[in-house]
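Working notes for the structure below.
The sequence lines fix the lettering, A, B, ..., with proteins before strands; numbering per chain opens at 1.
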Amino acid sequence: MENLKSSASSQKHERLVIELTGVNKWYGDFQALVDINMSVRRSERVVVCGPSGSGKSTMIRCINRLEVHQRGRIVVDGIELTDNLKNIEAIRSEVGMVFQSFNLFPHMPVIDNLTLAPMLVRKMPKKDAEELAMQYLERVQIPEQAFKYPGQLSGGQQQRVAIARSLCMQPKIMLFDEPTSALDPEMIKEVLDVMIELAEDGMTMIVVTHEMGFAKTVADTMVFMDAGEIVESADPSKFFTAPDNPRTKLFLSQILTH
Amino acid sequence: MAEQAHPPKNNRSILHSIAFRNIAYQLLLVAALAFLGWYLYDNINENLDRQNIATGWGFLNEPAGFDISESIIPFDSSQTFARIFAAGVLNTLHVAFVGIFLATLLGITMGIARVSRNWLVSKVASAYVEICRNVPVVLHVIFWSSIIRLLPHPRQALEPFNGAFISNRGLMLPFPVDNILYPWVAFALVLGIGGALIFARWARFRREHTGQYISVFWPGTSIIVGLPLLVWVLGGAPLTWDYPALKGFNYQGGISLSPEYIALLIGITVYTGAFIAEIVRSGIESIHRGQIEASRALGLRHGFIMRFIIIPQALRVIVPPTASQFLSLTKNSSLGVLIGYPDLVNIGNTSLNQTGQAVEAIAIMMLVYLTISLTISIFMNFYNKLVAIRER
Ligand SMILES: Nc1ncnc2c1ncn2[C@@H]1O[C@H](COP(=O)(O)OP(=O)(O)OP(=O)(O)O)[C@@H](O)[C@H]1O
Ligand SMILES: [Mg+2]
């Protein structure tokens, strides 16, 4: 019995793909992250919420080193994030990121947006990269837009292209930073649907969002941040009904009545 | 206040049609311009008649009767006005093209330096831009002209390296004596450039088919430099330098750049370079941070981000205003008249004074500048089409 348990826990440990231990970050004198501890298992879906300025973006941007943390350890897929450029590039090619403002490359047609990184980073021949791109465009349901420029697409379509662009790198982990908050209400659903499908396929995801309906559907773990700290981390059933921290309660009451 | 709302009147009068108005305004403008042109022409003719000055282009075939200090084509004062005008045009083109080339290099360097994270580099570049951009170009030219005049006489010339002399008579440099092999070396250079282009295409083809990225820069440079070098070495590496030597009051032999040429060139280059630096800086800064973040998040290396994301987008912002800087540099080369550089305006002006044929001389100058400017415009528009990728 004892034996079984320990092997199960070590197995569980092996499946950790993201580990943040005691992570601190400052912008000048301002501390944006305070002692962040978090771990994410393979195929786990984590939804992060919290008031504006609480450090949600900063935290997930540290995971692919778009921001540099000053203290603590971040280990992604077994590689610790340090100044080592090779490690950073290796991690970035395994971690996809979707931004609030899409950030598609406006000077390239959709298809080139998708094939660029696979060709340059994965050294994939153009033909294969294009096949892969079409496959993912079909998955986000816009294969017919392949040869248009990003500026010719609606916001929802652009965000779906951005998701497909990340997926073309066949990442192990996907980070989403408020992917729907720049979208008109009628387009939010089409993007969330793509993300739900991705979650069902077993993608490891960290999603910063205030879409609580989405969170209830997909989240394995809910994380609430305030003032640079993780205030509460719990599974959704507990998080939405009986959160421990009064700050979480207050936030939920504000956001759910909204 | 209590005015009643009228139903909208359905006004069908042609005077209110937008299309009609547009055409009418244009016709009026053309008529006004035609009248103005006729009025000026009539007036000038009348005045010239009164002063007994013949009009017409006949003077172009007469001997100019004055000499010029430097010319790309051989010239002496017994040759015609037509030829001296041609010499002036060539001098203008010479200083303008070298100026455009150098100002572009300087501008790109300084523009990139301005956004550098290195404090000293960016401050030096800012100082250059702020000082040079805010001083009138005339002062630049006069400044460099005075500096050169302060240099020592040829007899005490500075000699930075063997055979090069800097004095108030300009810059003298040794130059290789012509050799029958040199045309072949030049031919090899052309072949080398062609070869490098083919190599670049091949590298791209290979990248797209196998995914292997081959850097083009070093192999390309080696082909361009190596091929002519090989021809030269195989031909026995002939090289004899023609050294400038002091004869009388000045140097003979080698090649020389006149003080007027240098002053004008540095003046307009440094001035325009500052504007181009600003254009380059704003082009780089126009790129949204998110573009770079998204590229990084995909795992792209810095060099790739530069080459595939930043430069193509920055060029669209940079090219059109740079084209107008090229035009302004070309026109500013007419400041040669101030310091005695025999550019087109200088020669046109002298011819005008000698012959009194103001209308013709000015017409020639205007026509030449117009042609040069339009040529640059057409070329730059073409280039702009290449880089201006459509977005919607
Ligand atoms: N580059 C920066 N320099 C200085 N301060 C910054 C910088 N980026 C973020 N901050 C500060 O760090 C804190 C956390 O920012 P962050 O963007 O992570 O918040 P957030 O939780 O994502 O908020 P939002 O919901 O508005 O996106 C904020 O107070 C912000 O002002
Ligand atoms: Mg944020």
Side-chain angles (χ1 to χ4, degrees), chain A residues 57 60-61 63-67 85-109 112-130 148-153 162 165-171 174-175 177 182, chain B residues 117 119 200-217 280 282-320 383-392:
Chain A
S57 300
I60 70 166
R61 288 159 61 86
I63 294 172
N64 64 355
R65 210 157 175 99
L66 289 182
E67 303 288 350
L85 209 62
K86 276 277 157 287
N87 283 353
I88 295 173
E89 274 161 13
I91 286 174
R92 282 176 179 165
S93 64
E94 298 299 335
V95 179
M97 183 155 198
V98 175
F99 301 84
Q100 181 176 351
S101 50
F102 326 140
N103 296 341
L104 294 175
F105 307 131
H107 59 298
M108 303 176 179
D112 293 359
N113 266 273
L114 269 64
T115 56
L116 185 76
M119 282 164 60
L120 293 177
V121 182
R122 294 263 188 262
K123 315 270 180 245
M124 197 181 271
K126 188 176 187 177
K127 208 167 124 281
D128 301 358
E130 280 176 350
K148 287 196 183 159
Y149 283 82
Q152 295 169 302
L153 306 183
R165 178 176 69 178
S166 286
L167 292 178
C168 278
M169 284 297 285
Q170 296 172 303
M174 286 287 288
L175 308 174
D177 190 1
Chain B
R117 290 212 199 96
W119 186 86
R201 284 204 74 110
W202 174 80
R204 183 173 163 178
F205 179 82
R206 199 177 143 81
R207 172 167 67 76
E208 287 179 355
H209 282 259
T210 66
Q212 286 211 15
Y213 185 87
I214 300 165
S215 166
V216 176
F217 184 77
V280 169
S282 68
I284 293 173
E285 285 179 352
S286 74
I287 289 158
H288 197 269
R289 264 185 68 83
Q291 292 287 305
I292 297 162
E293 287 180 352
S295 324
R296 284 200 188 134
L298 287 166
L300 291 171
R301 297 210 303 259
H302 180 75
F304 287 150
I305 301 177
M306 242 355 212
R307 158 100 173 66
F308 292 99
I309 308 298
I310 299 181
I311 292 175
Q313 292 190 63
L315 275 183
R316 283 174 320 170
V317 182
I318 290 172
V319 170
Y383 184 69
N384 195 33
K385 286 239 172 64
L386 281 184
V387 297
I389 322 113
R390 49 180 262 256
E391 285 188 14
R392 5 183 82 244

Exercise for the section: Determine whether more than 12 heavy atoms belonging to other residues, nucleotides or ligands lie under 6.0 Å from atom NZ of Lys123(A). Expected result: yes
Practice task
Please state whether the side chain, the backbone, both or neither of Arg165(A) comes within less than 4.5 Å of a heavy atom of chain B.
Solution key: both
Handout entry: Between Arg207(B), Glu293(B), His209(B), His288(B), the one whose heavy-atom pairs under 4.5 Å with chain A are most numerous
Key = Glu293(B)
Practice task
Can you tell which part of Arg289(B) gets under 4.5 Å to a heavy atom of chain A, answering side chain, backbone, both or neither?
Solution key: side chain
Exercise for the section: Give, as side chain, backbone, both or neither, the part of Phe304(B) having an atom under 4.5 angstrom from any heavy atom of chain A. Expected result: side chain
Problem - Closest-packed option against chain B by number of heavy-atom pairs under 4.5 Å, given Asn103(A), Leu116(A), Val98(A) - result: Asn103(A)
Handout entry: Backbone of Arg92(A) reached by a side-chain donor or acceptor of Arg65(A) within 3.5 Å
Key = no
Exercise for the section: State whether the side chain of Asn113(A) and the backbone N or O of Ala162(A) hold a donor-acceptor pair below 3.5 Å, judged by distance alone. Expected result: no
Fill in the blank from the handout: Counting heavy-atom pairs under 4.5 Å with chain B, the top scorer among Leu104(A), Asn64(A), Ile91(A), Asp128(A) is Leu104(A)
Completion exercise
Looking only at Glu89(A), Lys126(A), Lys127(A), most heavy-atom pairs under 4.5 Å shared with chain B are made by Lys126(A)
Exercise for the section: Would you check if the side chain of Arg122(A) reaches a backbone N or O of Met169(A) as a donor-acceptor pair within less than 3.5 Å? Expected result: yes
Practice task
Name the region of Leu66(A), side chain, backbone, both or neither, that has any atom closer than 4.5 Å to a heavy atom of chain B.
Solution key: side chain
Practice task
Measure distances from Phe105(A) to the heavy atoms of chain B and classify the residue's part below 4.5 Å as side chain, backbone, both or neither.
Solution key: both
Completion exercise
Turns out that what part of Met124(A) lies under 4.5 Å from chain B's heavy atoms comes down to backbone
Fill in the blank from the handout: Heavy-atom closest pair (Phe308(B) atom, His107(A) atom, distance to 0.1 Å) is O-NE2, 2.9 Å
Exercise for the section: Measure the shortest side-chain to side-chain distance between Glu67(A) and Ser57(A) over non-hydrogen atoms and say whether it is less than 4.5 angstrom. Expected result: no
Fill in the blank from the handout: Output for pair (Leu298(B) CG, Ser93(A) OG), nearest 0.5 Å, gives 10.0 Å
